[in-house]
Amino acid sequence: GWALHVVMDTSGSMVDTLPRILGLLASFCEGAGVDQVHVLQCDVGVTADEWLDPAELAAYKITGFGGSDMSPAMDALADDPEVAAVLVLTDGYVSYPAAEPPYAVLWGLVDGDPNFRAGYG
């Protein structure tokens with residue numbers, strides 16, 4: 001198996017979407033052979049930084065529901081040389097680092113801004 005690093009947008013606009021996202025993420029992990037999920041919840045700061053078994057995602061507690069800046073979580077992962085790729089789950093109504101991080105970024109847009117276009121990822 002392998003570890004999946006996830007930055008989860010926990011801004012107020014995501015409150016109704018997150019339970020469904022967690023279920024989809026758990027299904028993906030099962031099918032893709034993911035052993036561990038490293039979840040960083042972020043609104044304007046990192047509100048949780050936890051390692052989970054994929055089966056724990058269905059009952060995972062979400063914190064935050066403040067603003068919308070993914071930079072603190074993305075910057076924290078940039079400091080870890082073992083992070084090669086990160087999935088950012090968001091509705092796209094967020095701020096994020098202007099400079100491309102030292103890892104690959106996959107933007108997972110959920111019920112979001114149809115005009116979201118990051119400069120990388």
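Residue indices begin at 1 and follow the sequence shown.
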task = Report the residues that fulfil side-chain hydrogen bond (donor to acceptor under 3.5 Å, both in side chains) with Asp9, sequence neighbours left out, ordered by chain and then residue number.
result = Ser11, Thr90
key: Nearest heavy-atom neighbours spanning Pro72 and Cys42   = CD-SG, 4.1 Å
query = Which residue pairs pass the ring-ring contact (aromatic ring centres under 6.0 Å, His included) test when at least one of the two sits in residues 1-21, sequence neighbours left out?
reply = His5-His38, His5-Trp51
hydrophobic_cluster_shared for [Y] and [X], side chain cutoff 4.5 Å:
X: Leu57; Y: Ile62; result: yes
X: Val88; Y: Val34; result: no
X: Val46; Y: Val44; result: no
X: Val39; Y: Ile21; result: yes
X: Val15; Y: Val94; result: no

Kindly indicate whether the side chain of [X], heavy atoms from C-beta on, has any atom under 4.5 Å from the side chain of [Y].
X: Leu87; Y: Val7; answer: no
X: Val37; Y: Cys29; answer: yes
X: Asp91; Y: Val110; answer: no
X: Leu106; Y: Val86; answer: no
X: Leu4; Y: Phe28; answer: yes
X: Val105; Y: Met74; answer: yes

Which side-chain hydrogen bond (donor to acceptor under 3.5 Å, both in side chains) pairs, counting each pair once, include a residue from [range], with sequence neighbours left out?
range: residues 93-121; value: Arg20-Asp111
range: residues 22-35; value: none
range: residues 72-89; value: none
range: residues 52-63; value: Gln36-Asp53, Gln41-Tyr60, Gln41-Thr63, Thr47-Thr63, Glu50-Tyr60

ask   = Distance from Leu22 atom CG to Thr17 atom OG1, nearest 0.5 Å?
value = 11.0 Å
message = What's the separation between atom CG in Leu40 and atom CG in Asp49, rounded to the nearest 0.5 Å?
response = 4.0 Å
